[in-house]
Visitor: 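I am attaching a structure below and will ask some questions about it afterwards.
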Amino acid sequence: MTDATGTVTRVPGLLYGGDYNPEQWPEEVWAEDVKLMREAGVTMVTLGVFAWARIQPGPEEWDFGWLDGLLEQLHAHGVAVDLATATASPPAWLVRSHPELLPVTADGVRLEFGSRQHYCPSSPVYRAAAVRLARALAERYGKHPAVALWHVHNEYGDHVTECFCAESAAHFRRWLGERYGGIEALNSAWGTGFWSQHYRSLGEVEPPRTAPGPVNPTQALDWRRFCSDALLECYRAEKAVLDELAPGTPVTTNFMSMFKALDYWAWAAEEDVVSDDAYPDPADPDAHVHAAMNYDLMRSLKGGAPWLLLEQAPSAVSWRPVNVPKRPGLQRLWSLQAVARGADAVMYFQWRASRAGAEKHHSALLPHRGTDSRGWRETVRFGAELRRLAPVAGGRSTAQVAIVLDWENWWALELEDHPSARMRWLDLLRPWYAALHRSGTAVDFVPPTAELDGYRVVLAPNLYLLRERTAQRLAGYAAGGGHLVCGPFSGVVDEHDHIHLGGYPAPLRETLGVVVDEFWPLPEGAATRLSLADGRQLSATRWTEWLEPHGAEAVARYDEGPLAGLPAVTRRGTAWYLGCDLGPQVAVVLGEILRTAGVTPVLAAPEGVEATVRRSPGGAEHLFLLNHTDRPIVVTLPAEWTTANDLLAPDRVPGPALTLGPLDVAVLHR
Ligand code: GLA
Ligand code: GLA
């Protein structure tokens, strides 16, 4: 059982399974599917994600018989169902009778039927049809004992995040009307005194379609806000139907990790449980670090509540230019990494490898070769292992460090015509996160509105867009003794993308004790040397600033170039400012700050070993140790863990040290 805050309580232990698309197969195969699911220890499948055309073959035709039978079969065999509302891929009959529901690009191209996710988020026809389908499914299966979870739509924003059709334009105008009230408030917010962009009425406003040059940045920023909200309205409409007709069954929609287009703080607030689809690239040596970061976000989105890994690839995907499979042991390691970081489900795309269609080269729990395959043997072996981890379900983790993640800042930071197009949110964030990961420091993500008092250190790798009230919250945190660490190019604009005048980072200038005279971005390949007070040398790439201290002391100064002698890193009390991009070397500075703040790692683990702790509501504690390397590693255990048993290897003799084989995992229980 998972805890009471909203995970899938109907299924005990950790969920195991995947997307099940029986509509791609003749019925004879279904009985075998269910039998093999049992053999593999599957406890839940996600059913019907792309089955709209099968469930509703025509405007007034419905075919539930096959679903009725499958739900019975699955239920009889102890497999719970995450039932999809099936609304992500409108059928041909609907599209041909209402071609206006197809999405239009910024260039005015209407995207054709023949793939998936071909709908305009603002289309009333699409919305009505989607809600009708969700209602039909909820009326029929809302109280079905097999249905343990509802899965709204699929990956909102996948393929299509925005639509520029006339309907979307009208919707955008309505949204703007609510935001600004009158046209002059919009003119002021959008700074339309610039380039003769003044509007007399909302009727003159359009979405930021492809224009001759850079579009109005505030228009572009509001468009990002609107597009996240427009898709959220679609979700909300379906969720309302499920809440009405299937009360008590949790509802989710699967996220796409750290995805720019949707403000997942706003989205997660409307879900009963957060779920994610994660596709780390086996060809990327840092994939597990990026994955850890995404999992920490998922765990943070509902304040630490367990989340569900609803999709990952058992081996290779099919949508990268080169799709490298997972070498033996990697699928197990990466799955358990998600569990270590708060997941209560390990699910995959997909159950049975497709024979036809765009994803036929994507790996599956049951590969094309059938049960006599490495993939299937791993599926069965891992299902059995996961059962041993049932006591972990519902457990939470704590962190002394938080990272501020603000979607509107992400959108604003990456608008056009900035001092450097190389200042990208993920590129700035990742080295900071990697430094924490390498040092074994647990971290939460927090929204700009969060309560920060519980954290020893709050990191803001970038806050280009900084609202006054966010600045006040951060300033109050630092004034109260919290260690606040701000990255470069911060405090530059307000919520309308208007410059904070008087010297950046204006709203935090007092707190940080610095003023930026001018930004000094570096071109590709360039670097500037700087030295810490103790003589250690580092180098900045991508970004530096002409930084003058006003109350802060210099922690590091530039050694060369036009900024020689000026501070690169500063400190005023517990407020730190990094006026440059140090890339991976940021670990040196952050390491000092964490030490100063008294932050302790989960475990002094050797390089390559990831350690996390989950605590169950009942009081049990689990220490996860994951060896991300291809060599055996000896981990010295703290005294309190030396007598704990390993849930994955009951025969492993506990003691002061534990040897983890290549890619191996231990889950100590006490
Ligand atoms: C051109 C235009 C100006 C301004 C500058 C910016 O010269 O005429 O309006 O946009 O570029 O460099
Ligand atoms: C996403 C989708 C799935 C499938 C997988 C393939 O996660 O939700 O339908 O396309 O990608 O990796």
Side-chain angles (χ1 to χ4, degrees), residues 8-11 15-40 42-94 128-154 238-254 272 310 347 349-352 354-355 357 364-366:
V8 181
T9 47
R10 213 169 286 174
V11 189
L15 297 158
Y16 184 54
D19 276 33
Y20 180 34
N21 300 306
E23 67 278 8
Q24 297 177 9
W25 296 91
E27 280 190 37
E28 306 84 80
V29 176
W30 301 355
E32 187 196 28
D33 282 332
V34 178
K35 182 179 123 308
L36 290 177
M37 282 173 195
R38 262 197 90 80
E39 192 178 318
V42 164
T43 57
M44 186 167 83
V45 291
T46 301
L47 186 62
V49 174
F50 292 105
W52 190 339
R54 179 72 186 253
I55 297 166
Q56 192 185 8
E60 300 307 327
E61 286 166 61
W62 297 90
D63 181 1
F64 290 111
W66 66 285
L67 263 183
D68 291 350
L70 266 169
L71 283 176
E72 286 314 318
Q73 276 289 310
L74 290 164
H75 189 54
H77 286 82
V79 178
V81 173
D82 164 29
L83 190 59
T85 57
T87 54
S89 216
W93 59 258
L94 179 58
V131 168
R132 187 175 178 217
L133 176 61
R135 178 168 287 280
L137 283 160
E139 273 168 353
R140 196 165 186 98
Y141 304 118
K143 308 223 162 55
H144 197 292
V147 180
L149 177 69
W150 282 92
H151 181 99
V152 174
H153 195 270
N154 193 66
E238 293 192 30
K239 169 83 158 69
V241 169
L242 298 171
D243 285 347
E244 175 198 331
L245 296 169
T249 307
V251 178
T252 192
T253 183
N254 46 343
D272 298 321
L310 268 197
M347 314 245 318
F349 181 86
Q350 61 177 326
W351 162 250
R352 183 186 281 272
S354 298
R355 189 173 189 188
L365 290 170
L366 178 57

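Given the structure is predicted, the values throughout are model-derived calculations rather than measurements.
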Visitor: Any donor-acceptor pair under 3.5 Å linking the side chain of Thr253 with the backbone of Val152?
Guide: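 Indeed, once roles are kept as given, a pair shorter than 3.5 Å links the two residues.
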Visitor: Find the distance between CG (Leu83) and CZ (Arg140) and round it off to the nearest 0.5 Å.
Guide: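 If we round to the nearest 0.5 Å, Leu83:CG and Arg140:CZ are 12.0 Å apart.
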Visitor: Taking salt bridge (charged side-chain N to carboxylate O under 4.0 Å, His left out) as the test, write out the residues that go with Glu139, two or more places apart.
Guide: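 For Glu139 there are no salt bridge (charged side-chain N to carboxylate O under 4.0 Å, His left out) partners, ignoring immediate neighbours.
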Visitor: Can you list the residues that meet the ring-ring contact (aromatic ring centres under 6.0 Å, His included) rule with His151, with sequence neighbours excluded?
Guide: none
Visitor: In chain order, what residues pass the side-chain hydrogen bond (donor to acceptor under 3.5 Å, both in side chains) check against Ser89, with sequence neighbours excluded?
Guide: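 Ser89 satisfies side-chain hydrogen bond (donor to acceptor under 3.5 Å, both in side chains) with no other residue.
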Visitor: Do the non-hydrogen side-chain atoms of Leu242 and Thr85 ever get within less than 4.5 Å of each other?
Guide: yes
Visitor: Restricting to side-chain hydrogen bond (donor to acceptor under 3.5 Å, both in side chains), what partner residues turn up for Trp150, sequence neighbours left out?
Guide: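 side-chain hydrogen bond (donor to acceptor under 3.5 Å, both in side chains) check on Trp150 returns nothing, list empty.
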Visitor: Does Leu310 reach the side chain of Thr252, with side-chain heavy atoms less than 4.5 Å apart?
Guide: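 When only atoms from C-beta onward are counted, Thr252 and Leu310 do touch, with a gap below 4.5 Å.
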Visitor: Pick out which of Leu70, Val42, Val11 makes a side chain to side chain contact (heavy atoms under 4.5 Å, CB included) with Val79.
Guide: Val42
Visitor: What residues form a side-chain hydrogen bond (donor to acceptor under 3.5 Å, both in side chains) with Glu60, not counting sequence neighbours?
Guide: Arg132
Visitor: Would you tabulate the side-chain donor-acceptor contacts of residues 43-53 under 3.5 Å, counting partners in other chains and residues two or more places apart, or write 'none'?
Guide:
residue	atom	partner	partner atom	Å
Thr43	OG1	Tyr16	N	2.9
Thr43	OG1	Tyr16	O	3.4
Thr46	OG1	Asp82	OD2	2.8
Trp52	NE1	Gln56	OE1	2.9

Visitor: Applying salt bridge (charged side-chain N to carboxylate O under 4.0 Å, His left out), can you list everything that pairs with Glu244, at least two apart in sequence or on another chain?
Guide: Arg135
Visitor: Return the set of residues passing side chain to side chain contact (heavy atoms under 4.5 Å, CB included) with Ala146 (not counting sequence neighbours), or none when no residue passes.
Guide: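 By the side chain to side chain contact (heavy atoms under 4.5 Å, CB included) rule, Ala146 matches Leu71, His75, Val81, His144.
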Visitor: Test of understanding: with side chain to side chain contact (heavy atoms under 4.5 Å, CB included), list the residues that count as partners of Pro57, not counting sequence neighbours.
Guide: Glu61, Asp63
Visitor: Looking at residues at least two apart in the chain, or sitting in another chain, which of them share a ring-ring contact (aromatic ring centres under 6.0 Å, His included) with Phe349?
Guide: His362
Visitor: Give every donor-acceptor pair under 3.5 Å between a side-chain atom in residues 27-34 and any protein atom, sequence neighbours left out.
Guide:
residue	atom	partner	partner atom	Å
Trp30	NE1	Pro22	O	3.1
Trp30	NE1	Trp25	O	3.4
Glu32	OE1	Arg352	NH2	2.8
Asp33	OD1	Trp351	NE1	2.9
Asp33	OD1	Arg352	NE	2.8
Asp33	OD1	Arg352	NH2	2.9
Asp33	OD2	Tyr20	OH	2.8

Visitor: Please identify each residue that fulfils side-chain hydrogen bond (donor to acceptor under 3.5 Å, both in side chains) with Gln73, with sequence neighbours left out.
Guide: none
